[in-house]
Amino acid sequence: MNPTIGWIRSLAESWGVPAVLVPLVPFLLLLIVLYAVIGLAAYGAKRKWPRADKTIAFWLFISPWLIGFALFTVGPMLSSVYVSLTAWDLITPPRFVGLANYSEAFQDPRVAQALKVTLLYAVISVPLQTVLAFLVALLLNADLPGMRFFRTVWYLPSLVSGVAQMVLFLWVFNPQYGLANDVLGKVGIEGPGWFNDASWALPTVILMSLWTVGGAMVIYLAGLKDVPVNLQEAAALDGAGAVRIFWHVTLPQLSPIILFNALTGIIGALQIFTQGFIANGGPKDSLLFFVYYLYDNAFQNFRMGYASALAWILFVVILALTAVTARGSAFAVYYETELSGRRRSSRRLRRK
Amino acid sequence: MKLPNRVIPAMAAVLLAAGCATGSPPAATTGGDSDNAGISFSFWGTNSEAASLKAIAAAFEKANPGTKVTTNWIQADYEQKLQTSIAAGTQSTVMEISNTSLAGFAPSFAEQQVDPGRFVQPNISDSLKYDGKYYAMPFTAKPKVMAINVDAFKAAGLPLPSATTPLTLDEYQEIAAKLSHGEGKSRVYGASNLWFKGWLTAAGGGFYNADASACTFGDTQGLKTAQYVVDMQKNRYAPTSLDIQGQDQAQWFAAGRLGTFSDFGPWTIADFAKISKPNWTLVPVPGKGFPMEVGGLAISKRASGKQLETAKKFIEFASSNPDAQNQLIQGNTALGVPIIAESTGTLEKVLPAERNLAAFTTAMRTGLVSPSVPREAQISGDADKGITSYTPLGSGKDDVAKILPGLNDKCTAALKQ
């Protein structure tokens, strides 16, 4: 333990602070010092003490998160930039190697395989999940008795942790003793090797991912409940049928939600890890997902520098794909606020 | 002189910020010349293995009043956690380490003086040398033996193998063929699933050569052994990795589905102690036996002063004091085999003599130890993935003669990097 922290803790103990609160004392003191530093710096800059107005209250309230973000997110990110430029096995001191890790990554055939597997998974699973979640939400939006039960049933699998899901599905898709091949066998079909077959492993994981569409489904359901009924009634009065109402009213109203689910789905799919980890990369690297390969390098091979470089490459890939998706959505996503925004700006123009 | 208004708060800010810094690196738990002679001790293992190590720590505290050993039982991902604690400078004073992983960790361990004559065979201490120096003190050995289903042998009209002399691989194959019968989910296999690395050593080969300068699992002996394993599976004398996926082979043995069970370590005793039918006993693993793992205790390089002295006393105690060595056996299970002559008999008495736990002592005296290489997890892990992905030694279908030499070359190249 840091001697200063140890001293503060023993001081707190001698003052009779309850044992459970003692670990908090150094942290709180650190915060106080930090606020004092910021306050003094602000005074130094403006030559007046910050006023206790709403702005100050805002910064005070948000500061615990900001400090945590700086310490535990930005700090490690910046540190990983440096580590990515080194060769470091955690045992011996890091050795600066410049861009060698990035250069190695661009020539590593397993990086190419990991990118291929991950992108393939994202490209196939995200649209499938989006469509399935949307269709299920449409069905569960019907005003029928017992619908709450079915909504719960559909959502329930989303609460199961990734490892538990994977262990469950390893059993379901066990080629010898699994439920899937047993059922297929009853109808005269010889089931595949699923996770044990290089050509079936990825489709199996994609199939598995559809089990947890409940999370996206709940968001669609909330969106469907929010579609103004007057718009649908107006369309019906104008002679639109159910399909046209869905296509021209419901779908545009839900397009921001679809975009949100698609974006978070893409980011989540590109960060898939558990399935590859539990399957140990799958036969012939068929489940070598990028984050699993990154983990493998960091915590199995202890190549922290290379793993950090891979992390930054993935960051750039995710950033690029997210940007492309967000930009491409401009033609297909309808925001009600845009219209009101336009109205407001036109009003302002008229005033001028 | 009047300081400008902006300077005073700025200086105060700098002083306050500076007050947070200590000016010295964080002290590790192993740190310096502390008056406190207490040490910390990290280890992995199951409940019973942890019970053994905690009991050794308690016995040491009892023998050295006023000394405190804080145990740190790491239940999963031991090496990852050890490595990250070393990077953070928060590692324990004493750390358990296996001979196979020693090379990668050696730079962070203190060199030790080991007297090989104290242990029942010189291999045991040699296995904890790296670059000609000792970096850990041995405290246990983990040889493998083979359990045989006595009832199955009698039913097949086969004489029981010798309790002390191993079968040859050909003899074993013949026996496995005669013990195998039946079809489907009730088929009885003469052998349990065959672990390629183990059988490679049994056949006289090795994953690496003696000085660990090259991989050798793809050489002539390697290919011959791989084909041996594939043939045993193809003839259905041994189950494949797919057959045993998610299955417990000890339960298969208890259910009479296995004629022999070859991957039997000291920790397996507890599972088999529950099996009264079929009747079983232990014999040596065929050929030259499976590679023997050696458990060692290393001291952090950062340890100094009284903590270093206490740590040295502790590992001496754990490796050579009968009170500590006897703690390796807890109830009817064992973390490993005691390595000093006075205690080896303790394990043999855990079960009745007809179970022949003495086979462990025999296996320890003749056991072969694999060399330790830096980046072992990466090098052997990549080779294992290739072997199990592409060949019938795992879930693949490709010919071992086509795949193994290529993987072997990659492995050797990785060793030389």
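This structure is a prediction, so every number in the text was calculated from the model and none was measured. Letters A, B, ... are given to chains in the order of the sequence lines, protein chains preceding strands, and every chain is numbered from 1. Quick note: numbers below take in every heavy atom, side chains included, and nothing from hydrogens, waters or symmetry partners.
The environment of A/Y35 atom OH is dense: over 12 non-hydrogen atoms of other residues, nucleotides or ligands sit within 6.0 angstrom. More than 12 heavy atoms of other shown residues, nucleotides or ligands fall within 6.0 angstrom of atom NZ in B/K81. Within 6.0 Å of atom CH2 in B/W44, more than 12 heavy atoms from other residues, nucleotides or ligands are found, so the atom counts as buried in its surroundings.
Contact detail for A/W88 and B/A87: the closest heavy-atom pair is CZ2-CB, 4.0 Å.
Chain A forms more heavy-atom pairs under 4.5 Å with one residue of B/I379, B/D243, B/D77 than with any other, namely B/D243. Interface remark: of the candidates B/Q247, B/K185, B/E79, B/Q247 forms the most heavy-atom pairs closer than 4.5 Å to chain A. Ranked by non-hydrogen atom pairs under 4.5 Å with chain A, the options B/L242, B/I86, B/L82, B/T388 are led by B/L242. Note: B/P107 leads B/P107, B/A377, B/G394, B/G386 in heavy-atom pairs under 4.5 Å with chain A.
Residues of residues 92-103 of chain A that come closer than 4.5 Å to chain B, counting heavy atoms only, are A/T92, ordered by residue number.
Using a 4.0 Å cut-off between a side-chain N of Lys or Arg and a carboxylate O of Asp or Glu, A/D197 and B/K397 do not qualify as a salt bridge.
Taking 4.5 Å as the limit, some side-chain heavy atom of A/Y295 sits within range of a side-chain heavy atom of B/Q80. Side chains of A/N280 and B/K385 form a contact here, defined as non-hydrogen atoms less than 4.5 Å apart. In this structure, the side chains of B/K301 and A/I91 stay at 4.5 Å or more apart for every pair of heavy atoms.
Here the straight-line distance linking atom CG of A/L90 with atom OG of B/S108 works out to 10.5 Å at 0.5 Å rounding. One distance of note links CD of B/Q378 with CG of A/D296; it measures 8.5 Å at 0.5 Å rounding. For the atom pair CD (B/E376) and CD (A/Q300), the distance works out to 12.0 Å, reported to the nearest 0.5 Å. Within the model, atoms CD1 of B/I244 and CD of A/Q176 stand 11.0 Å from one another, a figure rounded to the nearest 0.5 Å.
Interface residue B/D398: only side-chain heavy atoms are found under 4.5 Å from chain A. Heavy atoms closer than 4.5 Å to chain A are found in the side chain of B/D382, but not in its backbone.
In this structure, the side chain of B/S389 does not engage the main chain of A/P283 through any donor-acceptor pair within 3.5 Å.
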